[in-house]
Every structure is written in structure tokens, then in C-alpha cells.
> 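What follows is a single structure, and I will ask about it in a moment.
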Amino acid sequence: MTSALELLRPSSVARAQLPRCKAVELRALRESFRRAAKEKVAGPVVTALYVLVRPDQDPAARLALARAAADRAGYAVAEVLVEETGTDDPVLRPRLAYALTAMRQETIHGLVAASRVDVSPFDAPYETVLRRLRSAGGFLHLAHDETRL
């Protein structure tokens with residue numbers, strides 16, 4: 001017999017679907033921003049690779065994923081930005097700030113990263129960065145979409 005407490009507890013299926021639904025929503029938002037930014041580009045789409053690593057971590061593997069994604073998408077890569085600030089708030093990262101400035105100046109059109117953890121594993125800061133990239137006229141392209149880390 002099922003207890004009242006068990007009836008109130010969310011099922012494992014429902015718990016598993018909640019984060020995935022937000023991930024799908026964030027992917028759709030990122031993709032809509034990417035499409036809108038690319039529509040404004042007359043020539044080649046110029047990007048910067050962007051990865052976040054710990055100070056003691058080699059960025060080569062994450063950069064290889066990002067570069068392969070840029071190549072598959074047909075983007076030119078003008079810069080490589082390696083952020084070594086650990087898991088700080090994305091708003092405080094100097095390489096990300098540099099990228100936003102470069103987008104405003106139209107030096108680059110977007111960032112290519114290995115996965116969303118290069119920006120943030122948390123939904124709210126990740127969405128904030130997506131919106132900041134969009135407001136700077138740019139976009140984010142990922143090697144692995146939001147449902148994979």
C-alpha cells in the first residue's frame with residue numbers, strides 16, 4: 001500500500017525531466033540567438049574559442065572540442081580565450097568581458113565552447129550570459145548541447 005508521504009514525493013521520472021526541460025529551453029534560446037546573430041553577418045562568421053579551466057588544468061582537450069565544433073559549423077576562429085579563474089561568477093571573468101567587447105566592436109561574431117560548463121553549469125548565470133552575448137550582437141555555439149556536460 002502506498003503511503004501519503006510517497007504520493008507527495010515526486011517520482012524519479014518527474015525529477016529527471018525537470019532539468020532536461022530547462023536544458024532544452026536554454027538550448028532553444030541559445031540557438032535562436034545564434035541564428036539571429038548569424039543573419040546579420042554578410043561575410044564569414046568569425047568566432048573565438050572560449051574555455052574555462054582550473055588554474056592547474058590543461059585546456060587542450062576542451063579547446064580541441066571547441067575547435068572541432070567551429071570547424072563543423074564553418075566558422076573562422078580569430079582568437080583563443082582560455083579563462084583560468086576556476087568557477088567564478090561568469091560576469092567577473094576577464095576573457096568573457098573581452099569577448100563581449102570584441103562582439104560590440106564586431107571583431108568577432110560569437111564564441112565557441114566545448115559545453116555550457118565553460119560558461120556556467122547553473123541555469124540562471126548561463127542564461128544571463130546568453131542574453132549578454134545577444135545584447136552585444138553575438139552568440140554562443142557549443143560542441144555539446146545543454147543536455148550534455
Side-chain angles (χ1 to χ4, degrees), residues 10-149:
S11 71
S12 61
V13 171
R15 281 193 309 268
Q17 290 175 348
L18 288 177
R20 184 163 174 84
C21 290
K22 184 62 175 179
V24 170
E25 178 184 316
L26 289 169
R27 179 178 58 204
L29 182 68
R30 179 180 55 80
E31 287 295 317
S32 72
F33 290 170
R34 184 185 58 79
R35 282 189 301 275
K38 283 179 55 182
E39 286 176 2
K40 296 179 182 178
V41 178
V45 176
V46 180
T47 61
L49 304 183
Y50 179 81
V51 297
L52 173 68
V53 294
R54 293 181 314 274
D56 62 337
Q57 184 181 3
D58 183 358
R62 297 195 72 72
L63 284 171
L65 284 170
R67 183 164 302 276
D71 290 346
R72 280 191 305 275
Y75 301 149
V77 176
E79 303 211 36
V80 174
L81 305 174
V82 177
E83 200 80 74
E84 294 181 339
T85 59
T87 58
D88 291 339
D89 182 347
V91 174
L92 303 175
R93 295 187 193 147
R95 299 284 184 227
L96 187 56
Y98 170 83
L100 288 165
T101 299
M103 287 176 198
R104 285 186 201 96
Q105 295 171 346
E106 298 181 1
T107 306
I108 63 171
H109 303 112
L111 292 179
V112 181
S115 75
R116 71 172 275 179
V117 297
D118 291 300
V119 174
S120 179
F122 305 107
D123 293 341
Y126 178 70
E127 184 175 349
T128 297
V129 170
L130 289 178
R131 293 185 183 284
R132 286 183 179 198
L133 293 171
R134 174 70 176 123
S135 70
F139 66 91
L140 176 66
H141 183 91
L142 298 178
H144 298 299
D145 74 18
E146 286 76 3
T147 60
R148 293 180 55 197
L149 299 178

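Quick note: residue numbers are just sequence positions, from 1.
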> Look up atom NZ in Lys22 and atom CG in Leu29, then write down how far apart they are to the nearest 0.5 Å.
8.5 Å

> Evaluate whether atom CD of Glu106 has more than 12 neighbouring non-hydrogen atoms of other residues, nucleotides or ligands under 6.0 angstrom away.
no

> Counting heavy atoms not belonging to Arg95, are there more than 12 under 6.0 Å from its CZ?
no

> Is it the case that the side chain of Arg93 and the backbone of Ala97 share a donor-acceptor pair, with hydrogens and angles ignored and the cut-off at 3.5 Å?
no

> Give the minimum heavy-atom separation between Val117 and Leu52, together with the two atoms involved.
O-CD2, 3.6 Å

> Just jot down the side-chain contact (heavy atoms from CB on, under 4.5 Å) partners of Pro94, sequence neighbours excluded, or say none.
Glu83, Thr85

> When rounded to the nearest 0.5 angstrom, what is the spacing between CZ in Arg116 and NE2 in His144?
14.0 Å

> Test: ring pair (Phe, Tyr, Trp, His ring centres under 6.0 Å). Region: residues 104-135. Which pairs qualify, not counting sequence neighbours?
none

> Who are the side-chain contact (heavy atoms from CB on, under 4.5 Å) partners of Glu39, not counting sequence neighbours?
none

> Under the 3.5 angstrom rule, does the side chain of Thr47 hit a backbone N or O of Ala76 as a donor-acceptor pair?
yes

> Between CG of Leu133 and CG of Leu96, what distance do you get to the nearest 0.5 Å?
6.0 Å

> What are the two closest heavy atoms between Ala37 and Gly137, and how far apart are they?
CB-O, 3.8 Å

> Among residues at least two apart in sequence or on other chains, which ones pass side-chain hydrogen bond (donor to acceptor under 3.5 Å, both in side chains) with Arg131?
Glu127

> Tell me, please, which residues at least two apart from Phe139 pass ring pair (Phe, Tyr, Trp, His ring centres under 6.0 Å).
Tyr75

> Out of curiosity, Leu140 CG to Leu26 CG, how far, rounded to the nearest 0.5 Å?
11.0 Å

> Thr107 and Val46: side-chain contact (heavy atoms from CB on, under 4.5 Å), yes or no, with the steps?
CA-CA 8 Å; Thr107 306; Val46 180; over 6 Å; no

> Taking side-chain hydrogen bond (donor to acceptor under 3.5 Å, both in side chains) as the test, write out the residues that go with Glu31, two or more places apart.
Arg34

> Ala48: what forms a side-chain contact (heavy atoms from CB on, under 4.5 Å) with it, not counting sequence neighbours?
Glu79, Leu81, Ile108, Leu111

> What's the shortest heavy-atom distance between Arg62 and Ser115, and which atoms?
NH2-OG, 3.0 Å

> Show me the pairs that pass ring pair (Phe, Tyr, Trp, His ring centres under 6.0 Å) and involve residues 29-50, at least two apart or across chains.
none

> With sequence neighbours left out, write down each residue that passes side-chain contact (heavy atoms from CB on, under 4.5 Å) with Leu63, or none if nothing qualifies.
Leu49, Val51, Pro59, Val80, Val82

> Show me, pair by pair, the donor-acceptor contacts under 3.5 angstrom made by side chains of residues 64-74, not counting sequence neighbours?
none

> Please identify each residue that fulfils salt bridge (charged side-chain N to carboxylate O under 4.0 Å, His left out) with Asp58, with sequence neighbours left out.
none

